[in-house]
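Structure record follows, encoded as structure tokens.
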Amino acid sequence: MALQLGDEAPDFTAETTEGSVHFHTWLGTSWGVLFSHPRDFTPVCTTELGRVAALKPEFDKRNVKVIGLSVDPLGSHKEWANDIKETQGHALNFPLIGDPDKKVANLYGMIHPNASDTATVRSVFVIGPDKKIKLTLTYPASTGRNLDEILRVIDSLQLTAKHKVATPVDWKQGGDVIIVPSVSDGDAKQMFPQGWKTLRPYLRVVSQPK
Ligand code: BEZ
């Protein structure tokens with residue numbers, strides 16, 4: 001069965017462009033993003049990896065470790081890294097797993113045979129400090145991901161892990177949030193002493209907690 005939200009992220013040991021990684025140990029107490037891309041030396045993947053490298057300070061700020069994967073071998077990753085640096089202006093600054101035997105790809109269900117039986121789709125797994133899967137995304141090979149959206153989701157996940165709130169449609173860091181329905185008005189008074197706006201009894205809007 002496919003990995004689902006709340007499942008433990010499978011542990012593995014893999015060779016990467018930054019040496020051998022024992023996944024859970026490498027994650028430590030950080031959040032993690034594990035993402036796959038179809039192949040090395042492909043155009044969309046080249047842009048994605050350059051963008052992840054450019055955004056590394058944003059991931060660091062959020063205490064998130066990022067690790068990529070493709071089923072090509074490490075030698076290929078290392079050669080391709082030059083192209084990423086030259087064309088995207090950002091050198092790889094996070095590990096890229098070489099997975100030619102598809103061990104990790106199969107563990108995470110990153111190969112969707114009806115899309116391609118040889119290459120991984122564009123999977124994203126966001127993993128919490130408890131090693132549980134908090135978010136999964138699957139994009140086809142032909143559509144590059146939106147890295148700003150991945151950061152936005154991480155902001156929501158980290159906020160909602162800490163406070164009894166949920167984030168509404170198109171929410172962005174700093175925007176109003178919603179008090180979760182399981183919190184009574186009495187408890188909400190303690191949690192949100194600044195008050196909130198009740199649009200419906202189940203729709204209570206409050207400014208984002210600090
Ligand atoms: C790409 O990364 O550009 C790509 C990879 C596989 C199929 C189509 C595009």
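Note that these values count all heavy atoms, side chains included, but never hydrogens, waters or copies made by symmetry. Order of listing sets the numbers, starting from 1, for every ligand and every atom in it.
Sequence neighbours left out, not one pair with a member in residues 167-182 passes salt bridge (charged side-chain N to carboxylate O under 4.0 Å, His left out). Within the structure, every pair that satisfies the salt bridge (charged side-chain N to carboxylate O under 4.0 Å, His left out) test and touches residues 123-141, not counting sequence neighbours, is listed here: Asp130-Lys134. For residues 27-48, the pairs satisfying salt bridge (charged side-chain N to carboxylate O under 4.0 Å, His left out) are Arg39-Asp72, Glu48-Arg122, Glu48-Arg145, with sequence neighbours left out.
Relative ring orientation between His37 and Phe35 is described as tilted, the plane-to-plane angle lying within the 30° to 60° band.
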### Task
Could you walk me through whether Lys189 and Asp185 pass salt bridge (charged side-chain N to carboxylate O under 4.0 Å, His left out), step by step?
CA-CA 6 Å; Lys189 275 191 192 126; Asp185 279 351; over 6 Å; no
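Checked by atom type and distance alone, the side chain of Arg152 pairs as donor or acceptor with a backbone atom of Trp171 at under 3.5 Å.
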For a distance cut-off of 3.5 Å, show me each N or O of ligand 1 paired with any protein N or O, plus the separation.
residue  : atom  : partner : partner atom : Å
ligand 1 : 2 (O) : Thr42   : OG1          : 3.0
ligand 1 : 2 (O) : Val44   : N            : 3.3
ligand 1 : 2 (O) : Cys45   : N            : 2.9
ligand 1 : 2 (O) : Arg122  : NH2          : 2.9
ligand 1 : 3 (O) : Pro43   : N            : 3.2
ligand 1 : 3 (O) : Val44   : N            : 2.6

